[in-house]
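A quick note: this is a predicted structure, and the numbers were derived from the prediction, not measured. Labels below follow one simple rule: chain letters A, B, ... track the order of the sequence lines, proteins then strands, and each chain is numbered from 1.
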Amino acid sequence: MAETMASQRAPDSRQTMLWVSAALLPGIATMAALFGAAVLLNLGVCLVVAWLTEAVCLRLRHRDWRAGLRDFSAPVTALLVGLAVPPGAPIAAPVLATVTAIALGKHAYGGLGQNLFNPAMVGYTVALVSMPAAFALWPVDAASGATALDTLKHNDGLTLAELLRTPAFGSIGGYGWEWANLAFAMGGAVLIARGIIGWRLPVTFLLALGGLALAFHDGGSSRSAGSPLMHWSMGSTMLAAFFVLTDPVTHPNPRRAQIYFALIAAATTFTIRAWGSYPDGLAFGVLLANAATPYLDRRFA
Amino acid sequence: MIARYLRPMQSRWCVEPGDVVRCGALLGSGRVRTHAAFTGTVASIDDERLELDVAGTEQIPSLDPLDVHSSRATVLERIEHAGIVGLGGGGFPTHLKLAEALRRGVDKLVINAVECEPGVHCDAALCEQFEPEIVQGIEALQHLLDAEVHITQGAATCPSRQAWQTHTLNADTPAGAERQLCRSIFGITLAADERPVHHGIVVVNVGTAHAIARALQGWPLISRMVTVAGENRWLAIGTPISSLLEGSSFRVGGRLSGQTVGGDAPIGKTTNAVEPAPASRNAQPCINCAACDVICPEDLPVAQLARLPRGNVEAAQRLAADRCIECGLCTPVCPSHIDVLTILRQHRHDVRHATTQRQAAAAAGNRFEAREQRRAVQSALREARRQERLQRRQRNG
Amino acid sequence: MAELAAALVGSLLVNNFVLAQFLGLCPFFGTTQRYDTALAMGLATTFVLCLAATLCHMVYHLLLVPLGLEYLNIIAFIVIVAGAVQLTEMYVKATSRVLYQLLGIYLPLITTNCAVLGVALLATGKALSFIETLVFAAGAAGGFTLVMVMFSAMREQLVTRDLPQAMRGTPITLVSAGILALGVMGFQGL
Amino acid sequence: MIDVGTILGLVLLVCALLAIAQRRLAAGDDAFVKAIASELPQTQCAQCGYPGCRPYAEALVGGAAIDLCPPGGEATVQKLAELLPHNPRASAGLATSPAMVARIDEARCIGCYLCIEACPVDAIVGAPKYMHTVLRDACTGCELCLPPCPVDCIVMERP
């Protein structure tokens with residue numbers, strides 16, 4: 001009996017990280033195809049910096065750094081940061097983001113499993129806030145330009161249909177971003193099928209985001225904040241929904257608490273996207289939702 | 001060979017080192033009685049345990065036989081004198097449990113032969129080898145409580161009668177726990193601080209029923225069926241485990257909820273299985289994957305409890321650690337090989353200890369207040385009488 | 001009605017008094033060690049804030065302006081806030097004495113809480129109407145309590161974590177508060 | 001002059017309101033003593049130098065040292081430190097002993113009723129010239145019954 005029980009054992013933390021990295025590959029490939037090799041360069045930089053920071057931090061904490069590296073959590077954080085930071089950005093952005101993510105986001109709290117906030121988002125937000133200019137420029141068919149979100153925000157008079165024809169947009173969402181989001185969604189579906197992550201969190205998040213977008217859609221007029229479909233395919237929505245929000249360490253366990261967690265993240269993201277000054281509110285949404293996790297855990301224990 | 005007996009709570013040894021005792025003689029009495037399972041001399045006694053230097057292992061009944069249909073009081077007294085405790089693993093004195101059942105009134109008696117834990121199948125062997133005694137034991141209990149009999153069985157087939165209702169359950173852990181039985185058979189979900197007796201149900205392990213039958217035949221509880229590394233043997237209580245298995249440390253109890261004990265630990269009244277201790281694995285940090293939350297039958301916030309350092313009793317109480325039934329399902333599913341059961345067991349002990357401590361303190365406080373008031377009234381009365389005598393003397397004086 | 005709701009959400013989250021405007025930080029770090037003291041402090045501050053803001057508004061418009069004594073507003077407001085705090089202190093002391101002892105110095109400290117006086121002064125400065133002042137105060141107090149409760153739950157979690165020696169206690173608290181403020185920063189420019 | 005007058009008026013008004021409130025909301029000192037007393041183990045053993053737990057609680061509210069209670073042990077000291085941050089600690093270590101229970105050796109008890117008089121929590125039952133016995137789960141282990149017993153027949157032991 002216990003033998004069968006043991007087989008139901010949730011995947012080892014190492015396997016989890018391996019599976020998550022594997023699930024990211026389709027998305028990475030799509031983005032590399034669309035935005036050129038800069039994406040891969042970016043990821044490479046992040047991976048190396050993450051590996052170095054992890055080793056240094058572990059040594060500083062007198063821990064066996066080889067064992068620490070074997071749990072594969074640093075590469076996952078590096079990939080997430082690498083995908084969030086725009087490839088066109090100066091080299092300082094991914095480096096700062098990754099170092100902050102690993103050092104401040106994870107090791108300041110005591111290493112794997114101890115952190116309160118998702119390390120990748122901590123790193124990304126710190127870099128975003130300290131170098132806002134670097135984060136605004138995403139390559140649009142090989143020339144870097146404002147992202148779809150940015151154009152939508154400063155839209156003065158074009159209806160959604162006309163917006164879609166401007167260079168920053170592809171056919172339904174951000175240029176190229178709709179394919180990347182689709183690839184990430186597929187990767188996420190694989191993770192759910194393998195039981196690595198629960199379906200409840202990403203689905204609630206996407207539904208809530210879509211719902212809010214629908215509420216403020218007012219028929220695609222110039223003042224509209226974008227249709228649900230656009231919101232799903234703009235920015236790195238799917239990446240956040242399936243890979244960042246579902247980080248087991250920083251989301252609550254009780255089912256009802258996970259619903260509120262997703263609602264907080266979705267509400268914040270939408271508010272910032274519609275009326276805020278930053279182009280994309282995903283990172284802030286994740287941080288606020290992570291901040292609410294201890295309270296939600298306690299409230300719905 | 002040195003046999004060892006652990007002193008149960010609130011009971012005292014009633015023999016001295018050097019005394020020669022025959023098999024079945026009384027070693028300790030109080031809340032629970034302890035009897036010698038061997039003939040021999042008492043080697044040493046201390047607060048924790050008594051060591052008996054064994055001379056003969058031949059067992060003889062030390063009480064006179066009793067008719068099954070004698071009065072309730074005599075049957076209850078015999079159960080107490082035989083030192084019967086719950087053999088399912090709880091170890092609660094059976095005479096106290098049955099007395100409370102009689103006081104509160106019980107209409108359902110559940111004889112539990114569901115062995116739901118891997119590595120334990122002593123009840124199955126018991127049902128095969130001692131069918132007549134088990135039936136006799138159940139009849140005695142039915143006569144004592146005059147309740148409707150329900151037999152619950154899993155893999156093992158428990159002896160049964162037409163009048164008794166038999167329920168066959170799929171025996172995956174913790175189907176055999178009394179809280180789970182109340183829910184699966186009677187559909188009653190017990191609240192945190194409730195026991196089956198609050199709903200007119202009393203759950204008795206089939207081994208306990210068998211021990212009761214033997215008690216009526218004159219045998220105190222001096223031996224029981226134990227699964228020793230997968231093989232069922234009828235063993236005397238007090239036998240050191242080191243004489244049965246090789247190795248320095250052993251696991252007592254099932255593969256899930258068992259505890260690791262040292263080499264000199266004996267077979268106790270509640271030892272249902274013994275195995276060489278499992279290899280301990282080094283734990284990795286918990287990544288809050290909540291696999292233990294999902295599998296917990298009492299759906300406790302196991303992940304939060306597992307991360308809670310010992311000592312924070314209020315938080316452990318808020319997270320209902322005392323509702324843990326120690327079924328041990330959480331340890332095997334943990335991907336970081338954390339021994340979750342031991343952590344939850346510690347939290348549960350701390351919370352229960354703190355609650356009983358607080359209740360005892362409150363009761364002592366109330367008794368102190370009541371005593372103060374009584375003494376005030378008494379001294380006032382004494383004062384009044386003295387005044388009266390004074391006045392009478394002045395009037396006559 | 002819509003702008004009232006926007007004002008409420010605004011002071012609740014966007015320019016949250018603690019995390020965006022960095023007012024009322026001393027009770028924020030002082031009482032969030034435990035969940036129940038943080039909640040108590042949040043509720044006490046909400047009571048004081050709403051009471052004081054409305055009273056200050058009345059005193060300002062009915063007393064100071066007719067007499068042309070607008071320049072006395074800070075002194076008058078401090079008197080009212082101190083009165084409100086003293087009232088709260090008496091109430092807490094009477095109802096749950098243990099909480100009164102646990103909050104200790106932080107209960108009278110509400111008088112000097114920048115958020116409380118801040119709201120009163122800002123409200124009169126922006127010449128908000130009575131209703132708007134109340135909504136503004138309620139939003140500010142709600143934001144304060146929300147952040148206090150969330151942060152105290154976080155700090156209770158931090159205690160269970162095996163933090164590196166250098167980060168134990170205040171350092172990790174400041175880091176976490178910083179990241180929380182970072183999260184709220186996203187709302188800038190709403 | 002008008003400005004000073006206004007401020008004075010305001011201050012007096014607020015003080016008047018507070019005075020009214022003060023009378024209605026009686027300070028809950030007594031409730032605090034009860035709260036402190038409920039933290040103590042109520043053994044009434046007087047090992048803290050006060051004639052019982054309630055007097056010690058009153059002394060604590062007055063500022064007595066928080067680590068005078070051996071039966072309470074470190075847990076009680078922690079609780080009291082939390083509730084009374086400003087109270088001093090008398091000594092570094094606290095001599096905590098494991099919980100003990102009294103037992104009367106019935107062979108030697110002469111039924112003199114002295115121990116029943118001495119027991120602060122009525123844990124001993126019996127009548128003059130009749131057999132006395134200790135109720136094991138009522139006894140708090142305070143050892144106050146040992147000195148008065150003329151025949152020294154009371155023994156402390158683990159529960």
Could you check whether atom NE2 of B:H167 has more than 12 heavy atoms from other residues, nucleotides or ligands sitting under 6.0 Å from it? yes
Shortest non-hydrogen pair, B:C289 vs A:P248, comes out as CA-CB, 4.2 Å
Donor-acceptor contact below 3.5 Å, side chain A:N253 vs main chain B:A290: no
Enter the distance from A:Q114:CD to B:I287:CD1 here, rounded to the nearest 0.5 Å. 12.0 Å
Rounded distance [0.5 Å steps], CZ in B:R318 versus CZ in A:R298: 4.0 Å
When rounded to the nearest 0.5 angstrom, what is the spacing between CG in B:D299 and CZ in A:R255? 8.0 Å
When rounded to the nearest 0.5 angstrom, what distance separates CG in B:N288 from CG in A:L112? 11.0 Å
